[in-house]
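The next block holds one structure in the form of structure tokens; read it before the comments.
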Amino acid sequence: MRCDQCNRTISGAPTETATRTLCTPCGETLLGATAGFLSTGSVGGAISTAGWYRALRDRRREKNN
């Protein structure tokens, strides 16, 4: 199975939306962007929150390894 966003092979459980199947990093970016847009109502807020959320998840993943 491949990610519909970045075309990488998905290992583990995919993130499934109504229209796409995403790998974990792309799913986390989408989740952050959605949260940012809902809380700020702007595309800039969505992009900012997506980057912040992705960095937080990456740091947590490194800490657990």
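Below, all heavy atoms of this structure are taken into account, side chains as well, without hydrogens, waters or symmetry copies. On a predicted model such as this, the values are computed, not experimentally measured, just so you know.
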Inset, instruction - Give, for atom CG of L22 and atom OG1 of T29, the distance between the pair rounded to the nearest 0.5 Å. - result: 9.5 Å
Legend entry - With sequence neighbours excluded, residues passing side chain to side chain contact (heavy atoms under 4.5 Å, CB included) with P25: R8, C23, R54
Legend entry - D4 side chain to T21 backbone, donor-acceptor under 3.5 Å: yes
Inset, instruction - For D58, enumerate each residue passing the side-chain hydrogen bond (donor to acceptor under 3.5 Å, both in side chains) test, keeping only those at least two apart in sequence or located in another chain. - result: R61
Inset, instruction - Show the numbers, then the answer: is there a side-chain contact (heavy atoms from CB on, under 4.5 Å) between R20 and L30? - result: CA-CA 11 Å; R20 300 185 287 172; L30 177 63; 4.1 Å; yes
Legend entry - Distance (rounded to the nearest 0.5 Å) between I10 CD1 and M1 CE: 6.0 Å
Inset, instruction - With sequence neighbours left out, write down each residue that passes side chain to side chain contact (heavy atoms under 4.5 Å, CB included) with L31, or none if nothing qualifies. - result: Y53
Inset, instruction - Please list all pairs passing the salt bridge (charged side-chain N to carboxylate O under 4.0 Å, His left out) test where one or both residues lie in residues 31-48, with sequence neighbours left out. - result: none
Show me, pair by pair, the donor-acceptor contacts under 3.5 angstrom made by side chains of residues 40-51, not counting sequence neighbours?
from	atom 1	to	atom 2	distance (Å)
T40	OG1	G36	O	2.7
T40	OG1	S42	N	3.3
T40	OG1	S42	OG	3.4
S42	OG	G45	N	3.0
T49	OG1	G45	O	2.8

Legend entry - CD on E28 to OG1 on T15, rounded to 0.5 Å: 7.5 Å
Legend entry - Any residue meeting side chain to side chain contact (heavy atoms under 4.5 Å, CB included) with R59, in chain and number order, not counting sequence neighbours: A55
